[in-house]
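All heavy atoms count here, side chains included; hydrogens, waters and symmetry mates do not.
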Amino acid sequence: MDALIEFSQTGDLGPLRKGMTAVEVVQLLGPPDSSRWIQGDDNVQRYRYGSLSLRLRRRLGDPAGDENLLLHSLRLSFDRLPFELPEPVASRLEHRWLSTRLDDVLAVFHQANAVAVLDYESVKDGEIYQRYRVGERRVSLNVFDGEVVDIEG
């Protein structure tokens, strides 16, 4: 199954699973292209691997150290195609993902029998923001003016 379809249904992106430690993530994907602590929160760090952003969180009271940073959420940016992904994830893409248009992305999901349900919509100054929920794991397709901007879970 295509890694993005699987992610949207399960919250897992290829070999990446929520709850992995930062040490496990780096062993699997190598060092991130960039990393930074979230301003104002010493317990949250963001790793960036091309189009993939990972948020790692340390539970309050846990000592410092990468073994205590746990993968909390994943976000795949659609801002430029083709995706720039680490090989363990990229090798699990089966679809070419050539378009960010909502209709095109939903067609791929439909072909894979993955149901995307409109979860939220707002209109401001004529611009439409929508969020589609896929699967039961609260993975979201975030859409701005008919273009998918990211998949987040």
Common cluster, [X]/[Y], ILVMFWY with side-chain heavy-atom separation under 4.5 Å:
| X | Y | result |
| --- | --- | --- |
| Phe83 | Leu52 | yes |
| Val139 | Tyr129 | no |
| Tyr120 | Val115 | no |
| Phe144 | Leu106 | no |
| Val89 | Val26 | yes |

Atom pair [atom1] ([X]) and [atom2] ([Y]), whose distance is rounded to the nearest 0.5 Å:
| X | Y | atom1 | atom2 | answer |
| --- | --- | --- | --- | --- |
| Arg92 | Leu85 | CZ | CG | 12.5 Å |
| Thr21 | Asn68 | OG1 | CG | 9.0 Å |
| Met1 | Gln9 | CE | CD | 4.5 Å |
| Met20 | Leu29 | CE | CG | 7.0 Å |
| Asn142 | Arg75 | CG | CZ | 8.0 Å |

Taking the side chain as every heavy atom from C-beta outward, state whether [X] and [Y] have any atom pair closer than 4.5 Å.
| X | Y | answer |
| --- | --- | --- |
| Leu16 | Phe7 | no |
| Leu71 | Arg17 | no |
| Ile5 | Phe109 | yes |
| Asp104 | Val148 | no |
| Tyr132 | Leu102 | yes |
| Gln45 | Arg36 | no |
| Leu13 | Ile151 | no |
| Asn43 | Asp62 | no |

[X] side chain to [Y] main-chain N or O, any donor-acceptor pair under 3.5 Å?
| X | Y | result |
| --- | --- | --- |
| Glu121 | Gln130 | no |
| Ser51 | Leu76 | no |
| Tyr49 | Gly30 | yes |
| Ser77 | Asp79 | no |
| Asp2 | Leu4 | yes |

Neighbour count above 12 (heavy atom, 6.0 Å) for His110 NE2: no

Closest non-hydrogen atom pair between [X] and [Y], with its separation:
| X | Y | answer |
| --- | --- | --- |
| Ser53 | Arg46 | OG-CD, 3.1 Å |
| Gly14 | Ala3 | N-CB, 4.3 Å |
| Gly11 | Leu74 | O-CD1, 3.9 Å |
| Lys18 | Asp12 | N-OD1, 4.4 Å |
| Arg55 | Val44 | CG-CG1, 3.6 Å |

Sequence neighbours left out, what passes side-chain hydrogen bond (donor to acceptor under 3.5 Å, both in side chains) with Glu67? Give chain and number order. none

Ionic contact status for Arg48 with Asp33, cut-off 4.0 Å: no

Side-chain donor-acceptor pair present, Glu152, Ser140, cut-off under 3.5 Å: no

